[in-house]
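A quick note: this is a predicted structure, and the numbers were derived from the prediction, not measured.
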Amino acid sequence: MTVTKRTRIRQIGAAGSALGTRTLGTLVLGALALSACGTGGGHDAGVATGPAARPAPTPPTAPVLPLRSSPPPPPCTPEGIAVSMNEPDAAMGVRAARIELLNCGHRPYRLDGYPALRVLDDRRQPFNVTTVRGTRQVEDAGPKPLTIRPGRRAEFVIFWRNTVTEADTVAVAGKYLEVRPAPGRPVVIVPANGPIDLGNTGRLEETAWRLPTR
């Protein structure tokens, strides 16, 4: 009985080894067949595709925003100043733009009060616009003498509304602002950094010259 049992065990072991070899070969051939079918682009029902077979997700690309062009720096005039207009800001229907004066010369530059302004078209011809000295839009300290040393700045702010109430009147869309910094001083033509679109209100408010608050 013992010998027969040992012989049977060895036979079972040999059969199991042979069965394992055939089973392994069948599994390998089956895997190769499935791999070949997978490369054809089709998917058989009931066959799960492994993670390696899925294409990697493409990350979303960030939108490309256009670059905002900035105006070139203003030239230094023979008077030794450079005047520029910042981009207008619109809030509550009121537009505002800050006008800056830089003393780019070698001598102190004196200011006192309000500059004289005219709104010009693209041919540098003046519009019929009334300039109001003083405004209720911001606190205006009013006229006072200022001495701007070389390398320092002064500024004032203009305000207007883009209101069109008369269809038969040409709306004002200024392309330039003529600035006379002080009485007796030469005027400076400043390109508008965005249109001075007064509509047909014909009204422009301004503050007095002041030192920058920032």
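Following chains of ILVMFWY side-chain contacts shorter than 4.5 Å, one cannot reach Met85 starting from Tyr114, and the two form parts of different hydrophobic clusters. At a threshold of 4.5 Å between side-chain heavy atoms, the hydrophobic network of Ile, Leu, Val, Met, Phe, Trp and Tyr places Leu211 and Ile158 in one connected group. Hydrophobic clustering of Ile, Leu, Val, Met, Phe, Trp and Tyr side chains at less than 4.5 Å, counting indirect connections, keeps Tyr176 apart from Leu198. Residues Leu102 and Val188 are members of separate hydrophobic clusters, defined by side-chain heavy-atom contacts under 4.5 angstrom among Ile, Leu, Val, Met, Phe, Trp and Tyr. Residues Val179 and Val129 fall within the same hydrophobic cluster, defined by Ile, Leu, Val, Met, Phe, Trp and Tyr side chains chained together at heavy-atom separations under 4.5 Å.
Within the 3.5 Å criterion, the main-chain N or O of Pro181 finds a donor-acceptor partner in the side chain of Trp209. Listed for the Asp121 side chain is no donor-acceptor partner under 3.5 Å among the backbone atoms of Phe127. A donor-acceptor pair under 3.5 Å is formed between the side chain of Arg180 and the backbone N or O of Arg185. A donor-acceptor pair under 3.5 Å is formed between the side chain of Asp140 and the backbone N or O of Gly142.
Looking at Arg98 and Glu100, a side-chain N of the basic residue comes within less than 4.0 Å of a carboxylate O on the acidic one, giving a salt bridge.
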Under the salt bridge (charged side-chain N to carboxylate O under 4.0 Å, His left out) rule, what do Glu205 and Arg203 come out as? Steps first, then yes or no, please. CA-CA 7 Å; Glu205 299 178 1; Arg203 179 185 176 92; 3.2 Å; yes

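Residue Gly174 comes nearest to Ala192 through the heavy atom pair O-CB, 3.9 Å, listed as atom of the first residue, atom of the second, then distance.
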